[in-house]
Every structure is written in C-alpha cells, then in structure tokens.
Asker: 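Encoded as structure tokens, here's the structure I'll be asking about.
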Amino acid sequence: MADETSQLDTLLHEQRTFAPSEEFRKQANFNDPAVYERAAQDPQAYWAEQAANLSWFEDYDKVLEWNAPHAKWFLNGKLNAAYNAVDRHRTTSRKNKAAIMWEGEPGDSKVFTYEMLGREVDKAAHMLKNLGVKKGDRVTIYLPMIPELPISLLACAKIGAIHSVVFGGFSAKSLKERILDGDSDVVITADGGWRRGKVVPLKGNADAAVEGTAVRKMLVVQRVGDAAETEMVAGRDVYWHEEMAKAPSTPCAAEPMDSEDILFLLYTSGTTGKPKGIVHTTAGYLVGANTSMRSVFDLKDEDIFFCTADIGWVTGHTYIVYGPLSAGATVVMYEGAPDFPARDRFWEIVEKYSVTTLYTAPTSIRTFMKWGPQYVENHNLDTLRLLGTVGEPINPEAWMWYHEHIGKGRCPIVDTWWQTETGSAMIAPLPGITETKPGSATQPVPGILADVVDENGNSVEPGHGGYLVVKHPWPSMLRTVWGDDDRFKRTYFGQFEGTYLPGDGAHKDKDSYFWILGRIDDVINVSGHRIGTMEVESALVDHNAVAESAVIGRSHEVKGQAVTAFVTVKEGVETSPELVQELKQHVVDKIGAMARPEEIIFTAELPKTRSAKIMRRLLRDIAEGRVIGDTTTLADPSVVESLKNQYSNNE
Ligand code: WT7
C-alpha cells in the first residue's frame with residue numbers, strides 16, 4: 001500500500017483533537033463510555049436493548065442465529081417498517097409534528113406532519129395494491145427528490161413489497177439492468193425533476209429502460225408538467241395523481257413482516273461489471289438505522305435533521321427515511337443542487353428551517369471551501385448543534401473548515417464510515433463521548449466489532465495499517481446479494497472465514513483510532529459515489545472506436561477521486577478531441593453522469609505484466625505524476641515512457 005502511506009502522512013499531519021464540550025456531553029443520549037465495553041462483552045444483549053425502541057407486532061424469540069456468513073436477527077419477530085417510521089407516531093403527541101419539510105428546487109415547499117404523511121402513505125399503499133402489487137414483489141423507484149419518493153418507499157414497506165430505488169442520475173441502461181436483475185414489473189417514475197433550473201428527463205429514460213423487461217405498469221408523478229413532453233403508453237402508464245384519486249382514503253393495514261423479510265434492494269458497484277443488488281431485511285436494518293440516530297446523531301425530539309444525500313443512495317434510505325422517521329424526527333429534504341439558484345442554497349435552507357443537524361459529504365465541504373466563506377456568512381446558522389460527514393475519507397483541512405465556518409467551533413463533527421452493505425453507521429464518534437481527530441472516523445460504534453488486520457487476518461498493532469474487517473455480525477448487515485449468494489460469500493467473506501471484508505484499507509493509530517484510507521479493490525469513489533472501474537471499461541469498449549481500455553481513480557482536489565481512462569483505439573481510428581468528448585458522453589449514456597471520465601488518454605499500448613495483466617497501479621502513478629516504482633514485471637517497459645509523455649501532453 002505504498003501510495004496510501006503518503007495519504008496517511010497528510011491525514012496525520014493535523015494534530016489537534018476535539019473533546020465534547022461539557023454542555024454537549026451533559027445533554028447527550030449516549031454519554032457513558034461504559035457502553036462500549038458493555039456492548040463488546042455481549043453484543044446480542046446490547047442490540048436486543050436497542051431493538052426495544054421499535055414497535056413489534058410480535059416479539060422475536062432469538063436475537064441472533066449466525067451460520068457464517070449468513071445471519072438472522074430477531075428471529076420470528078413481526079413488525080412493519082412503515083408502521084415504525086410513520087404510524088406509531090400518529091397515536092402520540094408527535095401526530096402533528098412535522099415529519100418531512102420538503103424544499104423544491106424552484107423554491108416551492110411542502111410540510112408533512114406525521115399524520116399527513118401517514119395518510120399519503122396509506123393512500124399510496126392502497127394505490128399500489130390496486131395496481132396489483134403484492135407482498136414480496138419488487139417495485140423499482142426512479143424518482144427525483146420529491147415527497148412522492150419517500151412516500152413510495154414507505155407505501156411499499158407498508159404492504160410488504162420490496163423497493164429497489166435507482167438514483168435519478170443513472171442512465172436508461174443502468175435502470176434497465178436493475179429492473180431485470182431484480183425482476184421487477186412495476187416502475188414508479190416522474191415526468192422529470194429539477195436540477196439547476198433544467199428538467200432531468202426521467203420518463204424518457206424509464207421508457208427506454210423498460211423495453212424488453214417484464215414491466216407492466218409505470219406510475220408517473222407529474223413534477224415538471226409542461227416543462228417536459230411526456231408520452232404516456234396506453235395500458236401501461238398511469239399518472240400518480242389520478243391513481244391516488246381513485247384510492248380509498250381509509251387506513252391501510254400494515255403488513256406484519258417477519259424480521260428477516262426483505263425490506264429493500266439497493267444496487268451498488270463492485271469489482272465486476274455487474275452491479276450487486278444488496279439485500280436488507282426488515283428488523284435488523286431498522287434497528288441499525290434507529291439506533292445510530294440516537295447514538296451517533298444524538299437525536300432529540302426538537303431536532304431538525306438535514307441529510308443532503310439523495311434517497312437514491314443508501315445514505316438517503318437510512319438517514320432521510322428509515323432512521324430519522326423511525327425515531328420520530330423532523331427531516332428536511334431538498335430536491336436540487338447546492339448552487340442553485342445561488343451558492344448559499346444550503347445555508348439558506350439551514351436558516352429557513354432552523355436545522356440542528358447537518359449531514360453531508362466531504363466533496364460538498366471541499367466545494368464550499370473553494371467557493372469561499374462569504375456564502376455562509378450572510379446566514380444565521382445558530383440553530384446547528386451537530387455536523388456529520390459520510391461517503392469518503394475527509395481530509396483534515398475540510399474537517400477544520402467545516403468545524404470553523406459551519407459549526408462555528410462549537411458543533412461536534414461525526415465522521416461516519418459505513419457502506420450500502422452495512423446499512424447504518426459503523427465507525428463513528430459518539431458526539432457526547434468521543435474525542436475527535438480531524439480525518440479519523442474514530443472508533444466502531446457500540447455493538448460493532450471492527451478491526452484492522454494483515455493479510456493473514458491477524459489484528460495489526462496500533463500504528464499499523466491493513467484491511468478493515470468486521471468480526472462479528474451486526475443487525476443491519478446485508479443478508480446476501482440478490483440472486484447471487486455465491487457472489488455474496490466470495491466478495492465479503494471469501495478472504496477471512498466468518499469475517500466481513502468491506503474492501504477498504506485502514507490504519508489504526510496508537511490510540512486505536514481508525515483512519516480509513518479508501519478502497520483496496522477496483523472501485524473508485526467519485527464525490528462519495530462508488531463506481532466500478534470494470535463498469536466504465538465495459539462502457540468504453542462498447543464504443544466502436546475503442547479496442548481496449550483501463551480505468552483508474554486518481555486523486556482529485558474536490559471529488560476525492562476522479563475517473564481517468566486510458567484508451568487504445570482500433571486500427572484506422574483517428575484520435576481527436578471530438579472523440580474524447582464522444583467517449584465521455586458514451587460513458588454517461590451507458591452508466592450515468594457520475595461516471596463521466598475526467599480525462600481520456602489515448603495510448604498505443606497499455607502497460608501489462610508478462611502474464612498480460614494491466615498494471616493499474618502504474619497507471620495511477622502516471623496519472624498522479626508520481627515517480628514510477630518497480631516496472632521490472634512489465635512486458636515492455638518502453639510503454640511507460642510513452643504513456644508518461646502522452647499524459648503530460650494531455651495536461
Ligand atoms: C464506501 C461505501 C454509506 C455511505 C455512502 C457511501 C467509503 C464511506 C466513509 C468515511 C472514509 C468512507 C468507503 C466505503 N466511505 N464513508 N466516513 N470515511 N470512507 O456508500 O456507496 O456503499 O460506499 O464509501 O470506501 O467502502 P457506498
């Protein structure tokens with residue numbers, strides 16, 4: 001891990017540490033450090049204690065059954081995720097409390113109290129039933145960040161249908177792959193969404209995606225109206241508002257789900273070209289989401305929680321929908337971009353809604369840093385009391401900027417490490433207990449037994465690095481990969497028996513704090529989004545000008561990592577700046593805008609070992625302008641010289 005050493009030096013450069021203030025500590029939900037020890041001694045007892053915060057229709061009779069790598073939690077319990085997130089609050093004093101405060105990009109806004117949200121979810125649940133959706137069916141949701149998105153998730157959960165949300169930035173092809181893999185026959189989409197004043201053409205993509213699939217019904221939310229041309233296919237397409245009008249306004253009974261019944265699928269990229277459908281089940285996932293709201297986010301009834309992620313990613317599933325709502329919080333949800341209409345949009349929202357807790361990504365913080373503090377200074381951010389980050393390692397400079405300019409030096413920062421697969425935050429400070437170090441996600445939360453190990457699976461001494469692992473099952477862990485249990489076993493448990501391998505490298509410092517260093521597999525983290533290098537490579541070679549390609553992630557000041565593609569063209573093809581643009585667009589069309597290569601470098605050859613393996617590390621060294629290390633295994637060392645020249649010409 002040679003290149004990670006330099007990254008670690010930069011990380012460890014910042015020596016300041018931040019202990020919770022006495023004021024924060026006193027009021028925190030979790031402020032007794034003994035909880036760590038207690039949970040480590042008996043994780044099952046700890047999680048059972050946390051599970052008591054959910055509402056159960058029937059009690060479970062066993063906390064954990066662990067047939068590695070298969071876990072079952074809260075066996076034979078019966079509950080419903082939508083009931084927990086919405087309905088149970090409708091019979092308490094939270095009934096008329098705001099559940100979702102939604103801000104549309106053009107400035108329109110809506111507030112849903114728990115009672116109002118509950119009625120919408122009930123109606124939508126009836127509507128889905130009327131459309132023939134049954135328990136266990138997969139419903140694909142391809143929507144912008146509008147209220148119908150969380151309402152769709154919750155309506156599915158209410159009737160026991162499995163939702164599979166596909167982020168609105170994905171292409172028609174990516175959507176189709178996910179519809180096919182999940183064998184879904186109903187799609188919920190919109191005529192469009194707003195992004196920087198322009199319409200995102202969701203319906204067009206959805207139309208293209210469902211061709212050749214089993215999709216029989218497409219439910220279309222009218223969001224942009226006349227701003228988009230929407231063709232409705234007779235017999236297949238129906239409007240959300242028309243179907244809602246036909247649905248009864250009566251309560252819809254919550255389907256009693258088994259603890260281990262599937263709540264949702266969410267696709268994520270891996271080392272091969274095909275995305276994995278991560279499977280989450282009802283009880284364990286909800287326990288993880290709900291617990292972390294109270295522990296990591298110190299949630300109080302008075303809090304206004306603003307998570308800036310899209311519900312198309314796991315962060316939005318867990319920290320816009322299931323976590324905060326199951327804990328009875330008020331969430332702020334925003335449709336658009338942080339710089340529209342102006343670069344102070346987030347701060348305007350924080351001020352307008354009196355946000356107390358802000359959860360965002362390091363890439364956004366670095367963008368705000370670049371824009372400068374003037375966009376923050378005109379706004380009153382006094383209501384903020386806790387800040388969070390997620391998605392990628394945060395560099396100490398960004399951490400300090402967040403601390404000073406947004407938190408005004410008084411808000412604790414929780415840097416939360418987790419994944420689509422883990423369901424909820426795994427390594428993160430407890431803000432009333434943990435002394436934080438900028439750049440470190442600190443330590444595993446209570447009940448999570450994580451470690452850093454060497455290639456033999458032995459725990460490394462403090463001061464050393466290796467593979468991040470989780471040694472004991474936890475409630476919100478993925479249960480399998482949809483339709484491919486072998487891939488689940490191979491990917492996550494193939495390296496160390498009975499131990500979960502997340503695919504990240506980490507360093508453990510002398511205080512046993514964890515410093516996450518990034519992916520150790522062929523996955524790139526661009527602005528907190530996971531992109532498989534193989535996916536981008538397949539998209540490129542799919543273009544008729546391309547013979548071969550190698551894709552790597554190189555470090556990028558704002559995005560964390562950027563996609564760099566090395567491409568060899570077919571005989572007779574002329575390379576040109578136009579071809580570069582065409583290839584970039586081709587990747588966008590095939591996968592989505594987040595996978596667009598930052599740069600494409602044409603090369604006569606790719607550096608390969610004598611056994612014909614592409615030397616990606618070498619390509620990364622070239623792209624990052626580092627001195628080239630050992631090239632003795634190269635089949636043809638002159639390739640490197642010409643590549644270096646190519647690369648510097650490109651800049
Ligand atoms: C990968 C998971 C679940 C959050 C959104 C991303 C990286 C995530 C951190 C952090 C360092 C982080 C890891 C991880 N990552 N949070 N706080 N510090 N790295 O979910 O798309 O499943 O990606 O994001 O590399 O494996 P995801």
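Just so you know, these numbers come straight off a predicted model, no measurement behind them.
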Asker: Do P338 and T308 have side chains that approach each other closer than 4.5 Å (heavy atoms only, starting at C-beta)?
Answerer: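 A side-chain contact under 4.5 Å is absent here.
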
Asker: For E65, I'd like to know if atom CD has over 12 heavy atoms of other residues, nucleotides or ligands within 6.0 Å.
Answerer: yes

Asker: Can you label the angle between the Y500 ring and the Y492 ring as parallel, tilted or perpendicular, going by 30° and 60°?
Answerer: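 Rings of Y500 and Y492: parallel, as their planes differ by under 30°.
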
Asker: Does a side-chain N-to-carboxylate-O contact under 4.0 Å join D484 and K276?
Answerer: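 Salt bridge absent between D484 and K276.
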
Asker: With ring centroids as reference points, do F346 and F306 lie under 6.0 angstrom apart?
Answerer: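 Yes, the ring centres sit under 6.0 Å apart.
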
Asker: Which distance, rounded to the nearest 0.5 Å, do you find between the NZ of K559 and the OG1 of T363?
Answerer: 8.0 Å

Asker: Are W418 and Y319 close enough that their ring centres sit under 6.0 Å apart?
Answerer: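 Aromatic pair counts; centres sit under 6.0 Å.
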
Asker: Would you confirm whether the ring centroid of Y142 sits within less than 6.0 angstrom of the ring centroid of F170?
Answerer: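 No, ring centres 6.0 Å or more apart.
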
Asker: Does this structure show an ion pair linking K246 with E243, if we count only N-O contacts that are shorter than 4.0 Å?
Answerer: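 Salt bridge: yes.
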
Asker: So does D589 pair up with K584, basic N to acidic O under 4.0 Å?
Answerer: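 Here D589 does not pair with K584 in a salt bridge, since their nearest N and O are not under 4.0 Å apart.
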
Asker: When you measure from the side chain of R616 to the backbone N and O of A550, does any donor-acceptor pair fall under 3.5 Å?
Answerer: no

Asker: Would you say S171 and S174 are linked by a side-chain donor-acceptor pair, where the criterion is simply a distance under 3.5 Å?
Answerer: yes

Asker: Strictly below 4.0 Å, N to O, side chains only: are D339 and R345 in salt-bridge contact?
Answerer: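 Not counted as a salt bridge, because no side-chain N and carboxylate O are separated by less than 4.0 Å.
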
Asker: Are E211 and R236 ion-paired here, with the side-chain N under 4.0 Å from a carboxylate O?
Answerer: no

Asker: Please determine whether a side-chain nitrogen of the Lys or Arg among R216 and D185 lies less than 4.0 Å from a carboxylate oxygen of the Asp or Glu.
Answerer: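 Salt bridge present between R216 and D185.
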
Asker: Measuring only between side-chain heavy atoms, which start at C-beta, is R479 closer than 4.5 Å to E260?
Answerer: yes

Asker: Does the distance from a Lys or Arg side-chain N to an Asp or Glu carboxylate O, for R196 and E105, drop under 4.0 Å?
Answerer: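 No, no charged N to carboxylate O under 4.0 Å.
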
Asker: What I'd like to find out is whether the side chain of V166 reaches to under 4.5 Å of the side chain of Y267, using heavy atoms alone.
Answerer: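 The answer is no; the side chains never approach within 4.5 Å.
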
Asker: Can we say K590 and E535 salt-bridge, meaning some charged N sits less than 4.0 Å from an Asp/Glu carboxylate O?
Answerer: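 Judged by the 4.0 Å cut-off on N to carboxylate O distance, K590 and E535 do not form a salt bridge.
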
Asker: Do T389 and T416 have side chains that approach each other closer than 4.5 Å (heavy atoms only, starting at C-beta)?
Answerer: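 No; the side chains remain at least 4.5 Å from each other.
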
Asker: Taking the side chain from R138 and the backbone from G136, do they hold a donor-acceptor pair closer than 3.5 Å?
Answerer: yes

Asker: In terms of relative ring orientation, are H529 and F167 parallel, tilted or perpendicular, with 30° and 60° separating the classes?
Answerer: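 Taking F167 first and then H529, their aromatic rings sit tilted (interplane angle of 30° to 60°).
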
Asker: After noting the C-alpha distance and the side-chain angles of H317 and Y285, does the key distance pass the ring pair (Phe, Tyr, Trp, His ring centres under 6.0 Å) rule?
Answerer: CA-CA 11 Å; H317 279 59; Y285 170 78; 7.7 Å; no

Asker: Flag the pair V165 / F264 as yes when at least one side-chain heavy-atom distance between them is below 4.5 Å, and no otherwise.
Answerer: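 V165 does not reach F264 side chain to side chain.
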
Asker: Can you confirm whether the side chains of E537 and S549 place a donor and an acceptor under 3.5 Å from each other?
Answerer: no

Asker: Would D237 and K217 pass as an ion pair if we require N to O under 4.0 Å?
Answerer: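 No salt bridge links D237 with K217.
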
Asker: Taking side chain as C-beta onward, heavy atoms only, is W66 less than 4.5 Å from K72?
Answerer: no

Asker: Give a yes or no on whether the backbone of A254 and the side-chain of N80 come within a donor-acceptor separation of less than 3.5 Å.
Answerer: no

Asker: Pick one: which of T140, I262, D137, L153 meets side chain to side chain contact (heavy atoms under 4.5 Å, CB included) with H163?
Answerer: L153

Asker: Look at the side chain of S326 and the backbone N and O of G323, then say whether any donor-acceptor pair between them is shorter than 3.5 Å.
Answerer: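 Checking the backbone N and O of G323 against the side chain of S326, a donor-acceptor pair under 3.5 Å is found.
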
Asker: Tell me if a side-chain donor or acceptor on T533 pairs with a main-chain N or O of V523 at a distance below 3.5 Å.
Answerer: no

Asker: I want to check something: taking the side chain as every heavy atom from C-beta on, are I188 and W240 in contact at a cut-off of under 4.5 Å?
Answerer: yes

Asker: Salt bridge check: are K134 and E255 linked by an N-O gap of less than 4.0 Å?
Answerer: no

Asker: Is there a salt bridge (charged side-chain N to carboxylate O under 4.0 Å, His left out) between R223 and D108? Walk through the geometry before answering.
Answerer: CA-CA 11 Å; R223 168 62 182 143; D108 44 346; 2.8 Å; yes

Asker: Between the side chains of D504 and W417, is a donor N or O closer than 3.5 angstrom to an acceptor N or O?
Answerer: yes

Asker: Side chains of T282 and S259: closer than 4.5 Å at any heavy-atom pair?
Answerer: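 Side-chain contact under 4.5 Å: no.
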
Asker: Would you check if the side chain of E421 reaches a backbone N or O of M477 as a donor-acceptor pair within less than 3.5 Å?
Answerer: no

Asker: Any side-chain to backbone donor/acceptor pair from D310 onto W313? Under 3.5 Å, distance only.
Answerer: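 Not confirmed, D310 side chain does not pair with W313 backbone.
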
Asker: Between R195 and V200, is there a donor-acceptor pair closer than 3.5 Å when you use the side chain of the first and the backbone of the second?
Answerer: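 A pair under 3.5 Å: no.
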
